[in-house]
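Everything numeric in this text was worked out from a predicted model, so none of it was measured. Chain letters run A, B, ... following the sequence lines, proteins first, then strands; residues in each count from 1.
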2 protein chains.
Amino acid sequence: MTLKPTDIVRTRELAFFRAASDETFDRVMSGAFLQRFPSGTTLLLEGDSVDFLYVLLDGSVELGAGWKSKDTTLAILRPVSTFILAAVVLESDALMSAVTLERSEILMVPGESIRRAMSDDPVFGFAISEELAGCYRGLVRSIKNHKLRDSTERLANYLMTQRARQGETDEITLPHEKRVLAALLGMSPENLSRAFAKLSAQGVAVDGALVRFSKVQALERLARPSPLIDNHFAQSRSQLGKANTERQQGVLNDPQNR
Amino acid sequence: MTLKPTDIVRTRELAFFRAASDETFDRVMSGAFLQRFPSGTTLLLEGDSVDFLYVLLDGSVELGAGWKSKDTTLAILRPVSTFILAAVVLESDALMSAVTLERSEILMVPGESIRRAMSDDPVFGFAISEELAGCYRGLVRSIKNHKLRDSTERLANYLMTQRARQGETDEITLPHEKRVLAALLGMSPENLSRAFAKLSAQGVAVDGALVRFSKVQALERLARPSPLIDNHFAQSRSQLGKANTERQQGVLNDPQNR
DNA sequence: ATCGATCCTTGACATTTATCAATCCGGTTT
DNA sequence: AAACCGGATTGATAAATGTCAAGGATCGAT
């Protein structure tokens with residue numbers, strides 16, 4: 001599949017590619033190629049040795065892992081974002097599996113190109129460090145979210161985050177099926193239903209994918225969002241001098257979340 | 001507190017300092033200084049803006065976080081290791097608190113020195129990326145450990161890891177108080193006691209800090225350690241061509257664990 | 001030797017979450 | 001319209017974990 005100009009533009013939206021010189025960028029992209037996958041495709045299994053950086057340009061991808069017949073979702077990615085960067089930098093095996101949740105368009109960049117560019121272009125190298133640091137901090141937030149909050153509190157904060165992203169309105173649309181959302185929040189679908197039911201006391205009304213808030217303050221009092229866990233404390237778009245590369249891994253990796 | 005030659009040597013044990021040229025290393029260290037802290041000292045609170053890379057040279061440090069009157073331990077560090085590297089790279093606030101668990105010796109390196117060296121010395125910059133990638137993968141392992149295993153399984157795997165590190169013997173010494181160990185494994189001290197009791201069926205006998213194994217195979221069958229979660233699958237020391245920079249964050253950050 | 005502090009253990013109980021089964025609902029096919 | 005399907009909900013139950021309280025072991029200081 002050949003690369004269209006529009007794919008190039010979207011790829012360059014990534015903070016660490018924006019930091020690269022044109023020369024570096026062109027050299028990295030010269031070995032890259034685009035692939036389209038149907039929904040439900042396993043892109044990689046944990047333990048696979050892969051030497052490509054994956055760039056999700058369209059669709060969505062679930063990162064997960066399993067052990068002893070149990071499975072868990074670690075993150076859901078939306079465009080434009082990358083995955084298995086850490087494995088590429090260290091030339092090691094993937095620790096997570098990746099499965100498409102819908103038809104997806106994915107750019108595959110040879111790992112060697114990335115590593116060479118890091119060595120050749122210190123600005124690019126620094127930007128990769130920033131990206132990795134952001135991913136790391138996203139994981140720290142995710143762990144705190146899981147270890148410090150019960151399922152209802154996680155849902156409440158998820159709703160507050162969505163609300164912040166969808167414009168502080170009192171009606172939002174859930175971007176995933178509820179069972180996917182449940183996996184993302186680390187609970188069973190049954191418990192997600194019950195968590196929604198509990199939040200009716202805080203004025204949360206669910207109708208399919210639509211969620212309406214009638215008592216935002218009560219919800220916020222329960223959610224108690226924190227800038228040290230949640231990443232929606234909008235540096236307003238304008239004052240965003242330095243790109244925020246942090247990822248809300250394990251809660252939602254959203255391109256707005258830079 | 002002035003820097004002794006031995007401190008310099010120990011600091012250089014860090015993979016990313018070993019990668020640096022002498023010139024880079026000297027420049028980074030020129031602004032650094034050593035501090036000694038008694039046990040129980042809070043080095044930083046989550047949310048603090050700090051611009052130092054902390055290098056633990058002696059003692060041990062607990063990284064933790066809290067929310068709504070709850071607290072959790074994220075990792076326990078032993079020499080030689082660093083913390084808040086990600087915050088330094090991104091010039092942002094700490095997401096975790098750090099408290100000394102014993103009298104500790106800590107080298108503090110100005111963040112600006114690190115960032116400048118990353119830009120000036122691409123080899124050093126690359127090594128920092130490797131370090132960050134290793135920390136990231138350590139956190140992924142930690143999340144998998146917590147979401148896929150129950151408390152008894154986590155303890156069983158912790159014991160297997162310690163056994164591997166202490167030389168595949170059938171008697172090991174726990175390196176922490178049991179309540180610290182409980183926090184590290186994400187359970188209450190009470191449940192740690194019960195988990196030990198359950199493992200007596202697998203031939204685990206506890207006597208204070210001493211743990212004896214009489215049925216290693218049974219224990220291993222329950223623990224089912226995996227190279228995709230646990231990091232003790234010894235690349236034997238000799239074939240260790242490339243340093244393994246991965247950190248077992250949240251389980252134990254051990255200097256052997258490179 | 002005794003006291004006291006700290007840590008560990010144990011039991012009873014509450015809470016949280018998962019699991020299983022049944023049902024419901026919306027949309028599509030026949 | 002009837003049948004059907006997948007996802008979502010609800011209820012009942014079980015398992016895992018946390019909390020509270022009491023008691024026991026250990027160690028150091030007096």
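Between dT17(C) and S151(A), a contact under 4.0 Å exists linking OP1 or OP2 to a side-chain N or O. Regarding contacts with the backbone of dT17(C), every side-chain N or O of N191(A) stays at 4.0 angstrom or more from both OP1 and OP2.
Summarising the geometry, the separation between CG on L101(B) and P on dC7(C) is reported as 12 Å, rounded to the nearest angstrom. The nearest whole Å value for the distance from the CG atom in D207(B) to the P atom in dC7(C) is 19 Å. Atom CZ in R154(B) sits roughly 13 Å away from atom C1' in dG18(D) (whole-Å rounding). Atom CD in E153(A) sits about 9 Å away from atom P in dT17(C), given to the nearest Å. Rounded to whole Å, atom P of dT17(D) lies 12 Å from atom CG of L155(B). Rounded to an integer number of Å, the gap from L192(A) CG to dA8(D) P is 9 Å. K70(B) places its NZ atom 15 Å from the P atom of dT17(D), with the value rounded to the nearest Å. Computed from coordinates, the K198(B) NZ to dG11(C) P distance equals 14 Å when rounded to whole Å.
The minimum heavy-atom distance linking Q202(A) with K198(A) is given by the pair OE1-O, 3.5 Å. Pairing each heavy atom of A65(A) with each of K144(B), the nearest pair is CB-CE, 3.4 Å. Nearest heavy-atom pair, V61(A) versus A98(A), reported as atom, atom and distance to 0.1 Å: CG1-CB, 4.0 Å.
Closest to the side chain of E190(B), from the set dC20(D), dC8(C), dA21(C), is dC20(D). Comparing atom distances between the D150(B) side chain and each of dC8(C), dT17(C), dT17(D) picks out dT17(D) as nearest. Side-chain proximity of R194(B) to dG11(C), dG7(D), dA12(D): nearest is dG11(C). Side-chain proximity of R179(B) to the nucleotides dT10(D), dG7(D), dC8(C) is greatest for dC8(C). Checked against dT10(C), dG18(D), dA18(C), the side chain of M187(A) finds its nearest nucleotide in dA18(C).
Residue Q166(A) is tested with E168(A), Q162(A), R163(A) for a side chain to side chain donor-acceptor pair (under 3.5 Å); the sole match is Q162(A).
The main-chain N or O of R78(B) is never found under 3.5 Å from a side-chain atom of S60(B) such that the two would form a donor-acceptor pair.
Counting distance only, with no hydrogens placed and no angle test, the side-chain atoms of E177(B) and the base atoms of dC8(C) include no donor-acceptor pair under 3.5 Å.
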